[in-house]
Amino acid sequence: MAMEAQETKRGKAQLKTSSTAEYFAKNLQQVGFSSPTKAVLTTLKEAFDNSLDACEENDILPMIRVEVEKQGKGSTKNTDLIYISVQDNGPGISFKELPMVFGEYLASSKFGRGRCTRGQQGIGISAATTWAMQTAAQGVKVTTKTKGQKKATQCRIEIDLKNNKGLMKDKVDIDWAPAHGTRVEFWIDGRVQLNGEAGLIAFLKSNVLVNPHLSLKYKLMDDAEVTVDRVSDKVPHIPDATAPHPHTMKLGEFMGHGKLYGNIQVREWLQTAFSRMTNNVFEDLVKNHGTPKKLFDLKMNDIKEVDFKNLFAAIQTAELPPPSTGSVLAIGEEGLARSILRLGDIDYFSVVSRKPAICDFKPVQVEVAIARMTSRNDGVNEEDESSEVIRFANRVPLQFDKASCAIMKGVTSVNWKVYGLKQARNTPPSGPYIIAVSVVSPFIKFKNASKETIDASDELVEEIRRTLMQAGQRLSRHLRKEHKEAMLESKMQHIEQFAPILVEGLVRLTESSQERRELAHKGLLKILGREAKDAKDELAEADRKLEAHLTQKRKQLGAAYDIVMGREEDDEDHSRSEVRVGRKGGKPNTKLKKGVSETVDVILPDNVKKKAKDNKKPGKPAPVAGVKEAKKELASKKAVSAPKAVADAIPTKGKKGKVKGKGKAKPADPAAPKVNAKAAKAKEEPKAKVKAAPKKAAAKPAPKAKKAPAKKAEPKAKAKAKKKKTSGKGRAK
C-alpha cells in the first residue's frame, strides 16, 4: 500500500518552467560566487567593469573611486558584512532603465554583439544583486545622475526571481555634487583578501596596467587611500560590432540564426548576418560546390531544412576569406609602456603588441609586457620564486582557474632559458618578473559563465607563444648586455684590488718618487675609466652648489631676482656679440669671461727683428726686445691668450743663456683680419732671419763655455798623471 501511494504521488508530479533568475540564484557558483572571498572580488569586478565600459562608450576619461570596508559580522558562519562602493563619472543611467540594468538577467545592450567590450551577457551585476539579497536581505543601492539633470536619483533595486524582473524601491531625488555619474553600493556577506594573485589589490593594479587612461582612487579596509593618476588622455575607440564568420557556426546555430532575420532573401541574410560573404563566394558555391543559384533568391520562410543543411555543408567546405581584423581593440605598446611603470619599481621592461591574427576564424590580438621588478610588495623577491603572470581577456583581469587557461599554456610552452631566465619544467620562468598577457577579440571563448579562463585552442596558444617569444628576445638583449657589464665590472674590481699592490712593488724596486707613484695610480684609474665617474660626481656636486647659491640669491633679492638675472643674461649676450663682431666665420679658440673682449695685441716678427738689432751688444746673444713690454700690456688689458703664431714667435731664456723655443710662426687666429698671399710671403722672409738670429748669437759664447771648464779641470788631470807615474815606479821596484 505504501509503495502504491508513493507511485501515485510521483504520478501527480508536474513539469514546471523556471525563470533565468531562479536558475542563477540556485547556481551562483557558475558566475563567480562560489565562496565568500570570491564573492567580494566578483562583486567589485562587475561594478568596476560596467563603469569603465560606460565611460569609454561615451568618450569620457574614466575617474573611478572604490571603497571596501568591513561593517560588522555577517549573517552566515565565518563571514563579515562587507560594504562595497564603486563611483564613476560616466553618463549616468536613466531611472527607467535602472530595474533592467541591476535586476534582470540577460538584459544588456552588448548581448550577442561582436564588440571588444568587457561585459557582454548582462549576468554579472544582476548576480551581485542576487547575492546581496540572499546574504544581507537587501539589494543594491544606486545613485545616478545624467547630464543636465538637476538632482540625482537614488533608489534600491531588488529582483523578482520568479519573473526575472527588477523592482525599484525607496526612490528619492537628492542633491549630488558630480555633474553626471553613477555610484553603486552593496552590502554582502564575504571575506576580504587584499594581497595575492586573487586579492583586491592585484585586481585594481591589473586594471591600471591595461587602462592607461584610467584615473583611480581606492580605499581598502584600514589602509590609506591610494591615488593613481592617468598616463594617457586618449580614450580608446571601441570598433564597431562585426558579424561572425560562417566557419565558426554549428549547424543548429546556423539554422537558428536564420530565423532571427525574418522573411528576407537568402543572399541578403548571408551578407548581413556573416562576414566575408561576397559575390565571389556565391559564385564559388555555385560553380565548385553544387549549390543551386536559385537558392540564394528564395525567401527564408520558403527554404527547406534539407536546403539549409546542404548550404551549410557547402559553406564549410568552401575557402572563405578570413574575417576582418579591424574589429579588435589594441592597448598599444606606448600605453602598456606607460602603464607598467605604475606597478612599482621597474628595473627593465619589454613590451610587444603583435599584429591582429586569425585564430579559429576569429580576429585576435595578443599583447605582452614583461617587467623585472626591483622590489615587489607581495614579498616575491627571491630568484627561485615563480614569476607573476597577469592574464587579461578584453582588458578584464582573470584571477582564477589559471592552470587550464590558454595564456598559461602559452607561457609554459616557451623555453625561457634561451632568453637568460631560470625555468623549471612546464612552469613559468623564475625570478622577480611580471608577465602580463592581454588577449583581445570580439569573440573570445570562455570556459564558464564567470569568464575566469580562456579556452585553450591550438591556434590561440601558438599565437600567444609567438608573442611571448618576441618579448623574450627583446628582454634577452638587455640581460646579455647586463651580464657583459657585470663580467667587466668584476674584472675591473680584480684589477683595482691587485694593481695597487703591483704598483707599490714596482715603486720599491725602482726606488721611484712619491710623484711617480701617484701618477701610476692616476693612470690606472684612467685605464679603468673610473675618472669619468669621479668627474660626474664632481659635476653633480657643482650643480648642487650652483642651485643652492641661486636659491639663496633668490631669497635675498626676492622680486628683484628676475630683473638682476635678466641683466646678467643681457651682459652675457653683449659679450658674446663682441666675440662675433671681428670674425667672419668659425668659432673663437678661447672662451671669454664677462667684460673681456677678444682684442689681442699681435707682435709682428719685423718689429721683433728691428728691436733685436738695435739692442744687440757685441759678445752677447741678441736679446729679443719688446717681449716683456708686450707681456705686461697683455696682462694689464686682461686679454685672452695670444694665438699660437704669436706665442711661438716669443722665445724664452733658459739656463746658461740658451734660447728656448723654435720661434716658428704658425697660422694666425681665425678671428684676426685676413691678409693676402703677397703680404704673407713678405712676412715669411723675416721669419727665417728671426729664427736663425738666436742660433748665430748663441754660437759665439759657446767656445768660452767650453774653455772655462777645461782650465778648471787641469789640476785634476795633472794629479791623475802623477798617480800613474808613482804607481808605475812602484811596480818597477
Side-chain angles (χ1 to χ4, degrees), residues 48 52 56 61-62 64 118 195-197 199-218 226-236 329-355 365-381 385-399 402 407-408 410-411 414 416 419-421 428-440 464 466-479 481-482:
F48 198 90
L52 283 174
E56 290 178 359
L61 286 169
I64 299 179
R118 298 171 181 84
N195 300 315
E197 291 187 1
L200 302 184
I201 295 177
F203 169 77
L204 294 173
K205 285 191 173 183
S206 300
N207 275 284
V208 164
L209 175 62
V210 292
N211 297 286
H213 61 294
L214 169 64
S215 177
L216 175 64
K217 289 184 179 181
Y218 61 89
V226 178
T227 301
V228 182
D229 297 327
R230 63 173 58 94
V231 293
S232 174
D233 292 331
K234 185 179 179 181
V235 181
L329 173 64
I331 303 167
E333 292 186 359
E334 183 181 356
L336 278 175
R338 289 181 178 181
S339 291
I340 202 168
L341 297 175
R342 300 191 289 177
L343 295 182
D345 296 329
I346 303 293
D347 180 32
Y348 176 80
F349 66 90
S350 171
V351 176
V352 173
S353 181
R354 193 171 169 87
K355 291 183 178 180
Q365 183 164 18
V366 181
E367 297 174 296
V368 169
I370 304 177
R372 185 174 67 183
M373 309 288 290
T374 56
S375 63
R376 283 166 58 175
N377 296 330
D378 53 4
V380 183
N381 289 322
E385 291 285 348
S386 179
S387 58
E388 181 181 356
V389 179
I390 306 177
R391 302 169 293 137
F392 299 93
N394 281 346
R395 300 176 295 156
V396 176
L398 309 177
Q399 296 179 268
K402 183 165 58 174
I407 294 176
M408 284 303 299
V411 172
V414 176
W416 293 101
Y419 308 117
L421 278 70
S430 302
Y433 293 94
I434 291 179
I435 303 175
V437 182
S438 172
V439 178
V440 180
I464 295 171
R466 290 178 181 178
T467 313
L468 288 165
M469 290 170 67
Q470 284 186 1
Q473 289 170 0
R474 296 184 183 182
L475 181 67
S476 66
R477 296 191 195 108
H478 172 75
L479 294 177
K481 182 180 177 183
E482 190 180 62

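In this chain, numbering begins with 1 at the start of the sequence shown.
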When you measure from the side chain of [X] to the backbone of [Y], do you find a donor-acceptor pair of N or O atoms at a distance under 3.5 Å?
X: Arg391; Y: Leu398; answer: yes
X: Trp416; Y: Ser430; answer: no
X: Ser339; Y: Val210; answer: no

Quick one: list whatever passes side chain to side chain donor-acceptor pair (under 3.5 Å) with [X], sequence neighbours left out.
X: Asn207; result: none
X: Glu367; result: Ser353
X: Glu197; result: Lys402
X: Arg466; result: Glu462

State, with a plain yes or no, whether a side-chain heavy atom of [X] is found less than 4.5 Å away from one of [Y].
X: Val226; Y: Leu204; result: no
X: Pro397; Y: Ile390; result: no
X: Lys217; Y: Thr227; result: yes
X: Pro62; Y: His213; result: yes
X: Glu388; Y: Ile435; result: no
X: Ser206; Y: Gln399; result: no

In Å, rounded to the nearest 0.5 Å, how long is the span from [atom1] of [X] to [atom2] of [Y]?
X: Leu468; Y: Ser350; atom1: CG; atom2: OG; answer: 10.0 Å
X: Leu421; Y: Tyr433; atom1: CG; atom2: OH; answer: 4.0 Å
X: Ile434; Y: Arg372; atom1: CD1; atom2: CZ; answer: 13.0 Å
X: Lys234; Y: Leu61; atom1: NZ; atom2: CG; answer: 12.0 Å
X: Met469; Y: Ile464; atom1: CE; atom2: CD1; answer: 14.0 Å

Locate the shortest heavy-atom distance separating [X] from [Y]; write the atom from each residue and the value.
X: Pro428; Y: Ser387; value: CB-OG, 4.0 Å
X: Val440; Y: Ser438; value: CG2-OG, 3.7 Å
X: Ile370; Y: Gly472; value: CD1-N, 4.3 Å

Side chain to side chain contact (heavy atoms under 4.5 Å, CB included) against [X], all qualifying residues, sequence neighbours excluded:
X: Ala369; answer: Ile340, Val351, Ala436
X: Val208; answer: Leu216, Val228, Arg342
X: Ile346; answer: Leu341, Phe349, Ala371, Met373
X: Gln470; answer: Val352, Arg354

(message) The criterion is salt bridge (Lys or Arg N to Asp or Glu O under 4.0 Å); which residues satisfy it with Arg395, sequence neighbours excluded?
(response)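 Partners of Arg395 by the salt bridge (Lys or Arg N to Asp or Glu O under 4.0 Å) criterion, ordered by chain and then number, come out as Glu56.
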
(request) Please name all residues satisfying salt bridge (Lys or Arg N to Asp or Glu O under 4.0 Å) with Arg477, sequence neighbours left out, ordered by chain then number. (result)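 Arg477 satisfies salt bridge (Lys or Arg N to Asp or Glu O under 4.0 Å) with no other residue.
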
(message) Can you tell me if Gln473 has over 12 outside heavy atoms packed within less than 6.0 Å of its CD?
(response)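 Yes - once you tally the heavy atoms of other residues, nucleotides and ligands closer than 6.0 Å, there are more than 12.
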
(request) Please lay out, stage by stage, how Leu52 and Ile64 fare under the test side-chain contact (heavy atoms from CB on, under 4.5 Å). (result) CA-CA 8 Å; Leu52 283 174; Ile64 299 179; 3.7 Å; yes

(request) With side-chain contact (heavy atoms from CB on, under 4.5 Å) as the test, would you mind laying out the steps for Val437 and Phe392 before giving the verdict? (result) CA-CA 6 Å; Val437 182; Phe392 299 93; over 6 Å; no

(request) I would like to know whether Leu200 and Tyr218 meet side-chain contact (heavy atoms from CB on, under 4.5 Å); could you show each step before the answer? (result) CA-CA 10 Å; Leu200 302 184; Tyr218 61 89; over 6 Å; no

(message) Which residues pass the ring-ring contact (aromatic ring centres under 6.0 Å, His included) test with Phe203, not counting sequence neighbours?
(response)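 Partners of Phe203 by the ring-ring contact (aromatic ring centres under 6.0 Å, His included) criterion, ordered by chain and then number, come out as Phe48.
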
